[in-house]
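Worksheet: one structure, shown below.
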Number of protein chains: 4
Amino acid sequence: MARKPLTKPRKHASQGRSRATVDALIEATARILVKDGFDKTSTNRIAEKAGVSVGSLYQYFPSKEALVAAVVERHTEELMHVVRTVLADVAKLPVDEAVRKLVTAAIHAHRIDPELHRVLAEQMPRTGRAANADVLSVETYALFRAYLDAHADEFRAVDLELATFVCVTSIEALTHSAVLDYAGRLSEEAMDALVDEATRLIVRYLQ
Amino acid sequence: MARKPLTKPRKHASQGRSRATVDALIEATARILVKDGFDKTSTNRIAEKAGVSVGSLYQYFPSKEALVAAVVERHTEELMHVVRTVLADVAKLPVDEAVRKLVTAAIHAHRIDPELHRVLAEQMPRTGRAANADVLSVETYALFRAYLDAHADEFRAVDLELATFVCVTSIEALTHSAVLDYAGRLSEEAMDALVDEATRLIVRYLQ
Amino acid sequence: MARKPLTKPRKHASQGRSRATVDALIEATARILVKDGFDKTSTNRIAEKAGVSVGSLYQYFPSKEALVAAVVERHTEELMHVVRTVLADVAKLPVDEAVRKLVTAAIHAHRIDPELHRVLAEQMPRTGRAANADVLSVETYALFRAYLDAHADEFRAVDLELATFVCVTSIEALTHSAVLDYAGRLSEEAMDALVDEATRLIVRYLQ
Amino acid sequence: MARKPLTKPRKHASQGRSRATVDALIEATARILVKDGFDKTSTNRIAEKAGVSVGSLYQYFPSKEALVAAVVERHTEELMHVVRTVLADVAKLPVDEAVRKLVTAAIHAHRIDPELHRVLAEQMPRTGRAANADVLSVETYALFRAYLDAHADEFRAVDLELATFVCVTSIEALTHSAVLDYAGRLSEEAMDALVDEATRLIVRYLQ
DNA sequence: GATGAATGAGGGTTCATTCAT
DNA sequence: TATGAATGAACCCTCATTCAT
């Protein structure tokens, strides 16, 4: 059986030059993942692009996987920031307004670094099956479910678990696909129309 | 631009020993894709698992990509068979009945070879971004759109293009996720409930 | 059209350990070319003989062809050094003395690494037909032609182009064949006799 | 040490269908050698081009080398036919006329199948160092030397061995190079001029 | 710490040759 | 005899990782 590569960073290196090196490595990894895809991404290339030696790379990350994990973590954190923010903003709003803001935010989130998002979404699954979508999903589920919980009186009785699954999965799929598969092919008006439709989809489902 | 590897099979070899070898190779490729992922899938491993030599592999397939393409084609054909069948069956039914059958069929389709489906869905974009999901998507879109067209009088006026996108994307995402991410964790009753919810989602959206 | 392999070295590596590795690789390539011929020369064998890993080989040379090109260049440079030197030495001498020195020099040149010379002369046309012998030929032609130009008054009127072709080709063939095909079979006296004959051949031709 | 491949044909197969198959194989080999070079020439391709199966190929030739040897033999035989004929024709002629005819014949000989000639001349040497030029050379030497012997009274006293070497080597080199290196670049008049020069070179050398 | 030369297992692919049919 | 599917050693090349400097 293959030894599973370490995915924990080697040092925390939170200050000064170290931190800069670590950042440069993560950024370089992200850019190369986007440009070349997961399997063409090599540690030598990453080090070169980051302007450090391979040796240094291995001083901060014990393996290629650790580097990729760091990219995933950074990207996930950015996405979750958007999700957390919008769900906080929306907490007190009625369902229809809330959903519209959520959909819009989801599109913004997918636009943070769409190419990277695609690579991470598509090419990681071997490392911890669940781990990928999940870090993101689990928290998103919890937050969205909390919203539904708080606004249960605004709509029909539903199995909250199931409703959360239906809503989160649909919104994610629609916005992901709109941004990534139709990037550039959908005009801004078309995007607005999509927001309308997605909102209607979710709102009427809940009512 | 990188020279794209050939993806056409080398011989047609439709009878006897040849055919058996070809089938064994395609099946071995599918199993290894599932077990190891695209990047770790090597021609030597495929040949070994298929019980033939690498030489034989290359007599029938000009490249690793051709082999994967064959797997994609076989799997797509199986899925499309389900899709075509159900959409034909459903052509004359009213929206609510039609959608329920569609959702049910989508779940069946995802259960054909769920692990393989995941790998193909996630790791193929390498080989012709559009070509993969699209062979499937394009036809599915067309068929579903034709259904909507024919039943336009049963629901509100919509942009058919957009409605097709919303419906197909949502159904695909919900059933894909239900089968793959929650495989084993969702009881049969939960699945039935999911069918109800997904149906409601789509039907009410269209009304 | 087949993609031509790169033939430029990968690093310049002019000092220390790197330089030693590069030299060892070039020398190993030369020896294996001689022993096994072009087709049987494999990068693994070269690396082994040079006492380094294949990986190292590819750190300095992007392809087998680049390695061979380096051997060609090194050998050509050695030969051209002889050719340039003798033609400079001879510039002011009358035809008969000049030709004798040229022939003698040509024999010396062919003795630098006769077996390698044979392989390079015979098996290179693969890599840029013209580029090989020609680097050598073109300059040799030019230098010899310049000599003839400067001494035109010493002999009959001739088409300089043609005369250069006749002289250079004949001297090359005679000395090449003497050294390579009759190596060991021609005594030193026989070699001296050959110099006399070759000189006579060319001198009387020009008169 | 590598086992040296057999080079003798397996059967003499001198009649009927067998003979036709053998001929087709030799011809196919020659054409592929020309088109692809020695190392890209594969037995499978040869068999295909000859319109027989690999199995059949191996019924007539025990190895790839045997096939190539047969091509060499056939080509050499054609060249030697020209050489024998012209030297017989020329036996009674005085030196100047004889040499002119020889040179002309040598050019014709090189034009029989120039591309094949180049491949054979350049890419064989690993199999029996001497064997190549030699089959041809040895007989040519003997025949030319016999001519010189018979006409010794027409020129100065020379070491016949040496004179043969000088003449045969020069004529071969000049005509080979003219036909192969300057093919297409030398006009017919230029060729005539070359014949004049080559003749003068040899004749004055002997006088 | 940082460097980058070195490693070598492993990947995709070809092809001379064999042998069951 | 003829066929052509099958074999597998060998080829060129890449890349994650180590370690002497």
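Quick note on labels: first sequence line is chain A, next is B, and so on, each numbered from 1.
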TODO: Compare every heavy atom of C:K64 with every heavy atom of C:D39, then report the nearest pair and how far apart it is.
DONE: O-NZ, 4.1 Å

Open item on the list: If you compare all heavy atoms of A:A70 against all heavy atoms of A:F61, which two are closest, and at what distance to 0.1 Å?
Closed with: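 Reported closest heavy-atom pair: CB-CE2, 3.8 Å.
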
Open item on the list: Just N and O in the side chain of B:Y58: are any of them under 4.0 Å from OP1 or OP2 of F:dA6?
Closed with: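 The answer is no; no side-chain N or O of B:Y58 sits under 4.0 Å from OP1 or OP2.
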
- [ ] Return no unless some side-chain N or O of B:T21 is found under 4.0 Å from OP1 or OP2 of F:dA6.
- [x] yes

- [ ] Flag the pair D:T41 / D:L67 as yes when at least one side-chain heavy-atom distance between them is below 4.5 Å, and no otherwise.
- [x]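 D:T41 vs D:L67: side chains apart.
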
Open item on the list: So A:E78 and A:H75, do their side chains get closer than 4.5 Å, heavy atoms only?
Closed with: yes

Spacing between [X] atom [atom1] and [N] atom [atom2], to the nearest angstrom:
{"X": "C:L67", "N": "F:dC11", "atom1": "CG", "atom2": "P", "result": "15 Å"}
{"X": "D:F61", "N": "F:dA2", "atom1": "CZ", "atom2": "P", "result": "13 Å"}
{"X": "B:I46", "N": "F:dG8", "atom1": "CD1", "atom2": "P", "result": "18 Å"}
{"X": "D:Y60", "N": "E:dT17", "atom1": "OH", "atom2": "C1'", "result": "18 Å"}
{"X": "D:L25", "N": "E:dT17", "atom1": "CG", "atom2": "P", "result": "14 Å"}

Open item on the list: Between A:D113 and A:R31 (salt bridge meaning N to carboxylate O under 4.0 Å), is one present in this structure?
Closed with: yes

Open item on the list: Which helical stems does DNA chain E take part in, if a stem means at least 3 consecutive Watson-Crick or G-U pairs with both distances below 3.5 Å?
Closed with: E:2-21 with F:2-21

Pick out the pairs of N or O atoms, protein on one side and nucleotides 7-11 of chain E on the other, that lie under 3.5 Å.
residue, atom, partner, partner atom, Å
E:dT7, OP2, C:S53, N, 2.7
E:dT7, OP2, C:S53, OG, 3.1
E:dT7, OP2, C:S56, OG, 3.2
E:dG8, O6, C:G55, N, 3.4

Open item on the list: I'd like to check the side chain to side chain contact (heavy atoms under 4.5 Å, CB included) partners of C:V52; sequence neighbours left out, ordered by chain and number.
Closed with: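 Side chain to side chain contact (heavy atoms under 4.5 Å, CB included) check on C:V52 returns C:T21, C:L25, C:A47, C:A50, C:S56.
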
TODO: Determine, stepwise, if the pair B:K35 / B:K49 fulfils side-chain contact (heavy atoms from CB on, under 4.5 Å).
DONE: CA-CA 12 Å; B:K35 192 155 66 83; B:K49 180 142 210 155; 4.1 Å; yes

Open item on the list: I'd like to know whether CD of A:E27 has more than 12 heavy-atom contacts from other residues, nucleotides or ligands below 6.0 angstrom.
Closed with: yes

